[in-house]
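Just so you know, these numbers use all the heavy atoms, side chains as well, and skip hydrogens, waters and symmetry mates. In what follows, residues are counted from 1 in the order of the sequence shown. Just so you know, these numbers come straight off a predicted model, no measurement behind them.
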Amino acid sequence: MKYSHSSMYGKWAVMLIAISILLTGCGLSSEEKNAMNLDAGVVKIEIEVHRFDIPLRYMYQQTIETYGRWPTPKLERESVGGLSLSVLLPAMRPYYKEDDAKWKVQGHGDRVEVALAKGVPRGVLSRKAIFDFAEQGSFYRSEPDIYGLIHFSEKTGNLYFTKNEDGPDVWIRCGTPELPPKWNGFYSPSCMVDSSYRSGLVLRYVYALSYLAQWKKIDDNLKAMFDQFALAAQTQTK
């Protein structure tokens, strides 16, 4: 089984919008037009009361890997249920030609695939149940805290939660570093994260297991990035 970012990500991401909603249907017949869209294209969205202006170059997986080109974004703002984008760690860097090799690495590499959607983190819904199961000795086993997170193990990986239930909720599930039993094909261990963002919004993203120790910095930087997208949208409406 060949690994791909799009197939793996599609198994768990919720409420992602089709890129065709955000982009015009016109074909791109020249490299010059393609380059212009990459340099200047901005996708304008609204998720309920939240507005974001996102440069097209943050949508590598949704454009190049899906359509093989950088389409022309629509001029008008679209009301959507969610959005997905792609960046490189550690700087949350979108696509630039000089980084092309990093975007084509087999496995997760330095990539983060991010979804912004309406909802709440899964930790809000499952935290108590997991503690209860662990106390009963079923499914989960309580482990020593690590990286400032509450830690549980299970047969197929590990679960982590933020400690402050009154603060931002972050839920992380990571696969095992070892090849899973009966696994066929390439294996790239990863961590899937749910994190509360603005009112009624959740960030859902995935990155390589090797980056788990940096979970807090990654989460903070992603939220700062979306704050910048929101600021850009606010500036455009004035």
Side-chain angles (χ1 to χ4, degrees), residues 1-47 50-118 185-186 188 190 192 203-208 218 221-222 225-226 228-233 235-236:
M1 179 173 64
K2 185 178 179 181
Y3 171 89
S4 73
H5 288 279
S6 56
S7 61
M8 175 277 302
Y9 189 58
K11 291 180 181 178
W12 67 273
V14 180
M15 292 186 68
L16 300 184
I17 55 170
I19 197 69
S20 58
I21 295 176
L22 296 179
L23 306 174
T24 61
C26 62
L28 298 175
S29 58
S30 71
E31 291 185 8
E32 184 176 82
K33 181 67 173 177
N34 208 41
M36 184 182 70
N37 288 338
L38 174 59
D39 288 339
V42 176
V43 174
K44 300 178 180 180
I45 68 165
E46 183 175 71
I47 306 177
H50 307 284
R51 291 187 170 188
F52 302 93
D53 282 7
I54 305 172
L56 186 64
R57 64 174 64 250
Y58 283 87
M59 297 184 176
Y60 180 85
Q61 192 275 322
Q62 297 80 10
T63 54
I64 295 299
E65 289 188 336
T66 302
Y67 297 103
R69 58 188 176 90
W70 297 99
T72 305
K74 292 182 177 180
L75 295 177
E76 64 272 18
R77 188 172 303 280
E78 295 285 338
S79 180
V80 299
L83 179 75
S84 57
L85 54 80
S86 310
V87 294
L88 292 177
L89 294 170
M92 304 302 157
R93 183 173 168 87
Y95 178 84
Y96 286 92
K97 187 175 182 179
E98 56 265 34
D99 302 325
D100 191 68
K102 292 184 178 181
W103 290 94
K104 296 176 180 177
V105 169
Q106 188 180 26
H108 294 283
D110 295 330
R111 285 177 63 167
V112 185
E113 300 296 339
V114 189
L116 175 68
K118 293 183 287 186
F186 182 77
S188 181
S190 63
M192 296 180 289
L203 284 173
R204 294 189 168 111
Y205 52 95
V206 60
Y207 51 73
I218 292 172
N221 287 348
L222 281 174
M225 181 182 73
F226 275 97
Q228 288 298 313
F229 297 154
L231 181 61
T235 302
Q236 287 296 319

Between atom [atom1] of [X] and atom [atom2] of [Y], what is the distance when rounded to the nearest 0.5 Å?
X: Lys104; Y: Ile64; atom1: NZ; atom2: CD1; answer: 9.0 Å
X: Asn221; Y: Met92; atom1: CG; atom2: CE; answer: 5.0 Å
X: Leu203; Y: Ile218; atom1: CG; atom2: CD1; answer: 12.5 Å
X: Phe52; Y: Leu85; atom1: CZ; atom2: CG; answer: 10.5 Å
X: Leu116; Y: Phe229; atom1: CG; atom2: CZ; answer: 10.0 Å
X: Met225; Y: Arg93; atom1: CE; atom2: CZ; answer: 14.0 Å

Between [X] and [Y], what is the shortest heavy-atom contact and its length?
X: Gly109; Y: Ala208; answer: O-CB, 3.8 Å
X: Lys44; Y: Leu75; answer: CD-O, 3.7 Å
X: Met59; Y: Ile54; answer: CE-CG2, 4.2 Å
X: Pro94; Y: Arg57; answer: CB-O, 3.4 Å
X: Tyr207; Y: Val112; answer: CB-CG2, 4.0 Å
X: Pro71; Y: Thr63; answer: CD-CG2, 3.7 Å

Taking the side chain as C-beta and beyond, is there a heavy-atom pair between [X] and [Y] under 4.5 Å?
X: Leu88; Y: Tyr96; value: no
X: Val80; Y: Ile47; value: yes
X: Val42; Y: Pro73; value: no

### Task
Take Leu222 and Tyr205, measure what side chain to side chain contact (heavy atoms under 4.5 Å, CB included) needs, and give me the verdict at the end.
CA-CA 10 Å; Leu222 281 174; Tyr205 52 95; 3.6 Å; yes
Could you check whether any side-chain N or O of [X] sits under 3.5 Å from a backbone N or O of [Y], counting only pairs where one atom can act as donor and the other as acceptor?
X: Asn37; Y: Trp70; answer: yes
X: Arg77; Y: Ile45; answer: yes
X: Ser190; Y: Val206; answer: no

### Residues Val43, Leu56; criterion side chain to side chain contact (heavy atoms under 4.5 Å, CB included); working and verdict
CA-CA 6 Å; Val43 174; Leu56 186 64; 4.1 Å; yes
Is a side-chain donor-acceptor pair under 3.5 Å present for [Y] with [X]?
X: Asp100; Y: Tyr95; result: yes
X: Gln62; Y: Ser84; result: yes
X: Glu113; Y: Ser86; result: yes

